[in-house]
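Note that these values count all heavy atoms, side chains included, but never hydrogens, waters or copies made by symmetry. All residue numbers in this chain count up from 1 along the given sequence.
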Amino acid sequence: MAVLGSWAYSTGLWTVGRSVFRTVSRPSLCSACRYQAKRYLLTEDILKLHDFQTKKLTTLYQIHGKKDLYFRGLEEKLQKNGIILKDELKTLLHLCQTPADVEFAKQVIYRYHEDNKNVIYGDFRFGPVFLRLCYELDLEDTAFAILKDQSLGGFFSDCTSYNILMDMLFTKGQYERASEVLVQMRNNKVKFSKETYILAFAICYKLNNLESCEICTTLLEEIEMNGGPIPRQAFSFAIAFALKRNEVSKAKSIFSQIINTDSKLCNNLNLLINLHDDLVEDALYLLEAATENIGSRFVKKPEFLEEVIALIGKKVQNTELHARFNLIYTKLQNSQQITTLTLDELLCFTPHEHKHSLNSMNRKKINHRTFRSLQSSLLLE
C-alpha cells in the first residue's frame, strides 16, 4: 500500500514528503481499446490524443521512411554538442513509437532545454506533446519522473501537461502519485484550469485521508474567496468526499454552490445528503416528485442509483414509512427510473465535449491516403 507523506499548508504552497508507490498493473489492450479504456475525466478536446496520433501519421509520411536516419542525425548533434532546433524536437516527438524512442527523445529534451531555458518558447508548448506521447504508450513512470525533475524548470509550465499526467495516473489507480503531481503544479505556481479542479477533487475523493481532506478544504476556501466558474463535476466529487467523511454540513454548503442541479448525479447526491442528515422523509418526497408527470415520452425522467435507493430502504425498514417507500420504489421500477450504475461510476465519467458547428466546419480535413492536410499545412499541436 502506498504511503503518502504529511501535507502542510504554508505561504500559499503545499509541501509533501517522499512517498513509496505501487504501480497498478493493467491488462494489455489494443490501441483503440486502450484509448477508450483510459477516458475518465478529461475530454478529447483537452487530451487531444486523436489529433496527436493524426499528426504522428502525417509526420511519418513526410519523413518518407527515413525515421532511423532522422534519429541518427539528432544523435550526432548530441555527440557534437550541436544546437537542437525547435522544429527538430517537435518532429522527433511525433516520430516516437516505442519506449526506446521516448528515452532518446528525453536526451534531446534535456539538451534543448539546456540551450533554451532562458528563452520564451512562444505559443507552442512541448510539455503537452510529450505527455500525450507517454499517455499513448503507457509510460506513466517516465512522465512522472521527467515532470518532477527540477532541472527542467519551465519546460512544463502549462496546466495541460499536469492535467494529462494526473488523468493518466488517476485512470491507473495511482492516486498518491497523482496527488504529488497536483502539489508539484501548485508549488510551481501553475494556474489551475477548471479541469484541474475536477482532477484535484477526484483525487481527494479517491484517497480519502487526512492529507487529501486538507487539500480539498483549502481549495474550497480559495474558490469561495476568489470565485470563478467551477465545473459541476468538481463540486460533485467534493460533495461525495465530504459525505464519505460524514461532513454533512460541508456537503450541503458545497451543494448550494452548484448553479444547475438538474442532473442525475446531483439528484442522487441530494438524496444522499438528506440521508446523512437523517431527513428520510425529505428523501422520500424527492423520490415521489420524480414519479410525477412521467407519462410523456418527451419528458426526461430523473434516474436514481439502486445503491442509493437501497440505503433509503434500509433507513425506513421497520418504520411507518416502509409502505410508502415500497409504493414509490414500485413506481420508479415500473418507469425504469432506477439504474445499476454506482455513485463512483457516475462521478468518474468523461464530460461531454462542447463543440460548435462553426468550429466543426472550419476543422482542417486530412487526405486519408497521404495524411497531408487538404489545405497543404501540418495539423497544429
If the test is side-chain contact (heavy atoms from CB on, under 4.5 Å), which one of T330, I309, V280 qualifies with F325?
I309
Does some side-chain heavy atom of S236 sit less than 4.5 Å from a side-chain heavy atom of R232?
yes
Is there a path from L78 to L95 through hydrophobic residues (I, L, V, M, F, W, Y) whose side chains come within less than 4.5 Å of each other?
yes
Within the 4.5 Å heavy-atom criterion, are E303 and I338 side-chain neighbours or not?
no
Contact check, side chains of L133 and D101, non-hydrogen atoms, under 4.5 Å:
no
If you count every heavy atom of other residues, nucleotides or ligands that lies below 6.0 Å from E224 atom CD, does the total exceed 12?
no
Chi angles and distances behind the salt bridge (Lys or Arg N to Asp or Glu O under 4.0 Å) call for K77, E88
CA-CA 11 Å; K77 272 199 169 189; E88 289 178 326; 3.0 Å; yes
Would one find more than 12 heavy atoms of other residues, nucleotides or ligands at under 6.0 Å from atom CG of N260?
yes
Just checking, is any N or O donor in the side chain of N163 or T160 under 3.5 Å from an acceptor N or O on the other one?
no
Do F104 and F71 have their ring centres less than 6.0 Å from each other?
yes
Is the ring centre of Y162 less than 6.0 Å from the ring centre of F156?
no
Y175 and F170: aromatic ring centres closer than 6.0 Å?
yes
Steps toward salt bridge (Lys or Arg N to Asp or Glu O under 4.0 Å) verdict (R72, E75):
CA-CA 5 Å; R72 282 198 296 272; E75 190 172 6; over 6 Å; no
Atom NZ of K66: over 12 foreign heavy atoms under 6.0 Å
no
Is E281 atom CD crowded by more than 12 heavy atoms from other residues, nucleotides or ligands, each under 6.0 Å away?
no
If you define the side chain from C-beta out and look only at heavy atoms, does anything of K315 sit under 4.5 Å from D278?
yes
E288/R324 under salt bridge (Lys or Arg N to Asp or Glu O under 4.0 Å): CA gap, chis, key distance, verdict:
CA-CA 9 Å; E288 278 179 326; R324 181 181 169 192; 2.8 Å; yes
Does the K56 side chain pair with the main chain of C96, one donor and one acceptor, at a distance under 3.5 Å?
yes
Output yes when a side-chain donor or acceptor of E44 lies under 3.5 Å from a complementary backbone atom of H50, and no otherwise.
yes
When you measure from the side chain of N116 to the backbone of Y112, do you find a donor-acceptor pair of N or O atoms at a distance under 3.5 Å?
yes
I'd like to know whether R132 forms a salt bridge (Lys or Arg N to Asp or Glu O under 4.0 Å) with D51, so could you lay out the CA-CA distance, the side-chain angles of the two residues, the decisive distance to 0.1 Å, and finally the verdict.
CA-CA 10 Å; R132 288 175 187 124; D51 288 349; over 6 Å; no
Side chains of L271 and N274: closer than 4.5 Å at any heavy-atom pair?
no
K250 and T217: side chain donor to acceptor below 3.5 Å:
yes
Modelled atom types, side-chain donor and acceptor of T196 and S193, under 3.5 Å:
yes
State, with a plain yes or no, whether a side-chain heavy atom of L275 is found less than 4.5 Å away from one of I312.
yes
Let me confirm one number: the CD1-CD1 distance from I203 to I215, rounded to the nearest 0.5 Å.
8.5 Å
Would you indicate whether the side-chain heavy atoms of K206 and Q174 approach each other to under 4.5 Å?
no
Is it true that the side chains of S151 and D149 contain a donor and an acceptor less than 3.5 Å apart?
yes
Roughly how far apart are T291 OG1 and N334 CG, rounded to 0.5 Å?
11.0 Å
Starting from L279, can I reach L272 by hopping between I/L/V/M/F/W/Y residues whose side chains sit under 4.5 Å apart?
no
Separation between OG1 of T339 and NZ of K264, rounded to the nearest 0.5 Å
5.0 Å
For the pair K301 (side chain) and S335 (backbone), establish whether a donor and an acceptor sit closer than 3.5 Å, ignoring hydrogens and angles.
yes
List the steps, then state whether side chain to side chain contact (heavy atoms under 4.5 Å, CB included) holds for Q233 with Y197.
CA-CA 9 Å; Q233 190 179 9; Y197 284 105; over 6 Å; no
Nearest-0.5 Å distance that lies between atom CD in E345 and atom CD in E307
8.5 Å
Parallel, tilted or perpendicular, as decided by the 30° and 60° cut-offs, for the rings of F126 and F155:
parallel
Is it the case that more than 12 heavy atoms not belonging to L69 sit under 6.0 Å from its CG atom?
yes
To the nearest 0.5 Å, what is the distance between CG (N270) and CZ (F255)?
4.0 Å
